[in-house]
Amino acid sequence: MARKRALEVIQTELTDRQRLFIEQLLTGKNITDAADAVGISRRAATYWLHDYNHLVRLEYDRLRIMAKDAFRARIANLHNLALAALESALAEDAPPAIRFAAARFL
């Protein structure tokens with residue numbers, strides 16, 4: 001009976017422990033280690049993450065996607081910078097020693 005009543009309560013905002021738990025997961029900790037670090041049970045943490053509609057799962061997924069997108073953007077920027085540097089090093093007006101070193105690198 002108690003569990004059924006608990007499920008009827010709809011959470012609209014994350015608690016501080018839930019936020020900390022999500023932060024721990026995003027640093028690479030597994031569910032057990034993240035739950036231990038925050039002081040919650042592994043069972044509660046697993047319940048939060050296995051329910052695709054739970055606020056913790058939704059926020060974790062949102063932040064994980066944001067982190068992936070930010071990482072991809074950084075990689076794309078580094079890629080562009082590396083290509084620009086290579087193009088500059090191989091340009092006709094670049095010193096011959098630089099052009100030769102760049103060509104050897106490639």
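Counting begins at 1 with the first residue of the sequence.
- Taking both residues in full, the closest heavy atoms of A102 and L90 are given as CB-CD2, 3.6 Å, listed atom of the first, atom of the second, then distance.
- For the pair H54 and Q18, the minimum side-chain heavy-atom distance is below 4.5 Å.
- R42 meets the side chain to side chain donor-acceptor pair (under 3.5 Å) test with no other residue; sequence neighbours excluded.
- Within a 6.0 Å sphere centred on CG of N80, other residues, nucleotides and ligands contribute more than 12 heavy atoms.
- Panel note: side chain E59, backbone V56; no donor-acceptor pair is recorded below 3.5 Å.
- Interatomic distance, CZ of F105 versus CG of L86, reported as 6.5 Å (0.5 Å rounding).
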Output a table of donor-acceptor pairs, distance under 3.5 Å, between side-chain atoms of residues 19-27 and any protein atom two or more places apart or on a different chain; print 'none' if there are none.
unit_1, atom_1, unit_2, atom_2, d
Q24, OE1, K29, NZ, 2.8
T27, OG1, Q24, O, 2.6

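- Of all heavy-atom pairs spanning A35 and S41, the tightest one is CB-O, 4.0 Å.
- Through direct or relayed side-chain contacts under 4.5 Å between Ile, Leu, Val, Met, Phe, Trp and Tyr, I75 connects to F71.
- Hydrophobic side-chain contacts under 4.5 Å tie I98 to no other Ile, Leu, Val, Met, Phe, Trp or Tyr residue.
- The distance from atom CZ of R57 to atom CG of L55, rounded to the nearest 0.5 Å, is 13.0 Å.
- Atoms CD1 and CG, on I31 and D36 in that order, are 12.0 Å from each other to the nearest 0.5 Å.
- The shortest non-hydrogen separation linking A94 to S88 is CB-O, 3.6 Å.
- In terms of the salt bridge (Lys or Arg N to Asp or Glu O under 4.0 Å) criterion, D33 has no residue partners (sequence neighbours excluded).
- Annotation: salt bridge (Lys or Arg N to Asp or Glu O under 4.0 Å) contacts of D69 (sequence neighbours excluded): R72.
- Both I40 and Y47 belong to a common hydrophobic cluster when Ile, Leu, Val, Met, Phe, Trp and Tyr are linked at side-chain heavy-atom distances under 4.5 angstrom.
- Contact detail for D61 and R64: the closest heavy-atom pair is OD1-NH2, 3.1 Å.
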